[in-house]
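Dropping the structure in here first, questions after.
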Number of protein chains: 2
Amino acid sequence: MPTSHYGQPRYRAIADELRKRIESGVVPLGTLLPAESALAIEFRASRGTIRQAIATLREIGLVTTEHGRGTCVNPDFTAHIPNPVDEKAKRQRRVAAEPELAALLKVEVGATLIEDQDVTCRERKVEAVVRTYRVLNNPTGYA
Amino acid sequence: MPTSHYGQPRYRAIADELRKRIESGVVPLGTLLPAESALAIEFRASRGTIRQAIATLREIGLVTTEHGRGTCVNPDFTAHIPNPVDEKAKRQRRVAAEPELAALLKVEVGATLIEDQDVTCRERKVEAVVRTYRVLNNPTGYA
DNA sequence: AGAAATTTGTCCGTATGTATC
DNA sequence: AGATACATACGGACAAATTTC
């Protein structure tokens, strides 16, 4: 039964409940959460929904998950600081074509180019910065 | 915002983007694509849409999907014949981190970064130049 | 050292309800 | 009205890492 989710989706309610248990000490720091399959039975939800709930806890750094082992309550849990760096990093600007870019894109040196900047993250850390240069004409590149 | 696909459906645009990444070598042959759920987050699309995009790539034999494992870029994919422009453009070099990159990657200004350059082509024309910056990491992984 | 059990990761197919073009 | 897309949810299966016996 996919239950109509009018107010709050189930995975969020489950995530809240798990967070409460951690913060209240029912599940001590540094210990493993019950297995996904066990939680699925307890909450009468599918494993996918449980995983979604746990994913939200992982995003705020409350737990860490290891393949084949389990989901561990982060012992370093003090205050989670969501990282706004992703949003800041994402931006678009116009730059003048330097010789190499100009040659590749077949425009004159100094022509206006669109530079899109994005970052790829891993484990909430910036892993790489990607800059894409296009001719001002067609942003999507789709003809 | 459930859609604003001008002209082309979302799943096709995503398929095009993935194909570009494969053809430009951002996703090497023989490696796994990010999980459907990861792509869903990156493209801000639902899993269903991602699956639809991947399905089109599978139809043209660009990738193969294995149940429980992932979607693999077909190593036998030979349709991609790099033209001379690609070869010239593709290169790697080391650059000094300018302030913005340094801040994002959390290194000191002037630190050595790896810059990979690639081009994406369409109809034998260079469409965009992509530059990826990574920290020069040591092989052992230890500090 | 090796087999079995446990657990997470991923994919498959399907379904419901809503919203937009 | 139909096509597209979104978010949510289910259940089942296989793959891979880890732990236990």
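Here is how names work: the chains are called A, B, and so on, in the same order as the sequence lines, proteins then strands, and each is numbered from 1.
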*Report the distance from atom CZ of Arg51(A) to atom OG1 of Thr56(A), rounding to the nearest 0.5 Å.*
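Interatomic distance, Arg51(A) CZ to Thr56(A) OG1, rounded to 0.5 Å: 12.5 Å.
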
*State whether Thr49(A) places a side-chain N or O below 4.0 Å from either non-bridging phosphate oxygen (OP1 or OP2) of dC10(D).*
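Result: yes.
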
_Phosphate OP1/OP2 of dT8(D) contacted by Arg12(A) side-chain N/O (<4.0 Å)_ =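 Yes.
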
*Do the non-hydrogen side-chain atoms of Leu113(A) and Arg94(A) ever get within less than 4.5 Å of each other?*
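No. Closest side-chain heavy atoms not under 4.5 Å.
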
*Rounding to a whole Å, what distance do you find between Glu36(A):CD and dG9(C):C1'?*
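Computing the Glu36(A):CD to dG9(C):C1' distance gives 8 Å.
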
*Would you say Val63(A) and Ile50(A) are hydrophobically clustered, going by side-chain heavy atoms of ILVMFWY under 4.5 Å?*
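Cluster IDs for Val63(A) and Ile50(A) match.
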
*Between Ile50(B) and Ala45(A), just flag the one whose closest nucleotide in DNA chain D comes earlier from the 5' side.*
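Result: Ile50(B).
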
*Are Leu101(B) and Val95(B) side-chain neighbours, meaning at least one heavy-atom pair lies under 4.5 Å?*
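Of all side-chain heavy-atom pairs linking Val95(B) with Leu101(B), none is under 4.5 Å.
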
Under 3.5 Å between N/O atoms: give me all the protein pairs with nucleotides 1-5 of chain C, atom names plus distance.
none

*Does Thr71(A) offer a backbone N or O that forms a donor-acceptor pair with the side chain of Arg58(A) under 3.5 Å?*
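Not at all, since once roles are kept as given, no pair shorter than 3.5 Å links the two residues.
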
_Atom pair distance, as rounded to whole Å: CZ in Phe43(A) and P in dC10(D)_ =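 After rounding, the reported distance stands at 13 Å.
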
*Which listed nucleotide (dG9(C), dT8(D), dC10(D)) is nearest to the side chain of Ser46(A)?*
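From the listed options, dC10(D) comes nearest.
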
*Please examine the side chains of Glu17(A) and Ile14(A), heavy atoms only from C-beta on, and report whether any two atoms are closer than 4.5 Å.*
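The answer is no, as the side chains (C-beta and beyond) never meet within the 4.5 Å cut-off.
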
*Can you tell me how far P of dT7(C) sits from CG of Leu33(A), to the nearest Å?*
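Checked: the CG to P distance equals 12 Å.
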
*According to a strict under-4.0 Å criterion, is Tyr11(A) in side-chain N/O contact with OP1 or OP2 of dT8(D)?*
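Result: yes.
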
*Can you name the side-chain hydrogen bond (donor to acceptor under 3.5 Å, both in side chains) partners of Gln52(A), sequence neighbours left out?*
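Once residues adjacent in sequence are excluded, Gln52(A) has no partner under the side-chain hydrogen bond (donor to acceptor under 3.5 Å, both in side chains) criterion.
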
*Shared ILVMFWY cluster between Val129(A) and Val109(B), side chains joined below 4.5 angstrom?*
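No: no chain of side-chain contacts under 4.5 Å links Val129(A) to Val109(B).
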
*If you group Ile, Leu, Val, Met, Phe, Trp and Tyr by side-chain heavy-atom gaps below 4.5 Å, do Ile54(A) and Ile60(A) land in one group?*
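Yes, one cluster joins them.
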
_Students often get this wrong, so: under 4.0 angstrom with heavy atoms, is Gly70(B) touching a base, only sugar-phosphate, or nothing?_
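Sugar-phosphate, no base atom in range.
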
_Rounded to whole Å, please give me the gap between CD1 in Ile41(A) and C1' in dT6(C)._
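For the pair Ile41(A) CD1 and dT6(C) C1', the rounded distance is 13 Å.
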
*At under 4.0 Å, does any side-chain N or O of Arg51(A) touch on OP1 or OP2 of dT7(C)?*
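For Arg51(A), the contact criterion (side-chain N or O under 4.0 Å from OP1 or OP2 of dT7(C)) is not met.
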
*Between dC11(C), dT8(D), dT8(C), spot the one nearest the side chain of Thr71(B), thanks.*
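The answer is dC11(C).
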
*Is there a path of hydrophobic side-chain contacts, each under 4.5 Å between heavy atoms of I, L, V, M, F, W or Y residues, that connects Ile41(A) with Leu18(A)?*
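No; Leu18(A) is not reachable from Ile41(A) via cluster members.
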
*Residues two or more places apart in sequence or in another chain: which of them pass salt bridge (charged side-chain N to carboxylate O under 4.0 Å, His left out) with Glu98(A)?*
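Here the qualifying residues are Arg131(B).
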
*Between Ile54(B) (CD1) and dT10(C) (P), how many Å, whole number?*
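Rounded to the whole Å, the gap is 12 Å.
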
*asked:* I'd like to check the side-chain hydrogen bond (donor to acceptor under 3.5 Å, both in side chains) partners of Glu115(B); sequence neighbours left out, ordered by chain and number.
replied: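 For Glu115(B), the residues satisfying side-chain hydrogen bond (donor to acceptor under 3.5 Å, both in side chains) (neighbours in sequence not counted) are Arg91(B), Arg93(B), Tyr133(B).
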
*Would you sketch DNA chain C in dot-bracket for me? Only Watson-Crick or G-U wobble pairs with both distances under 3.5 Å count, crossing pairs as [ ], other-strand pairs as |, the rest as dots.*
.||||||||||||||||||||

*Side chain of Gln52(A) only, please: which of dG9(C), dT8(D), dT10(C) is the nearest?*
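So the nucleotide nearest the side chain must be dT8(D).
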
*Encode nucleotides 13-18 of chain D as B, S and - characters from 5' to 3', where the letter depends on protein heavy atoms closer than 4.0 Å: B to the base, S only to sugar-phosphate, - to neither.*
BBSBBB

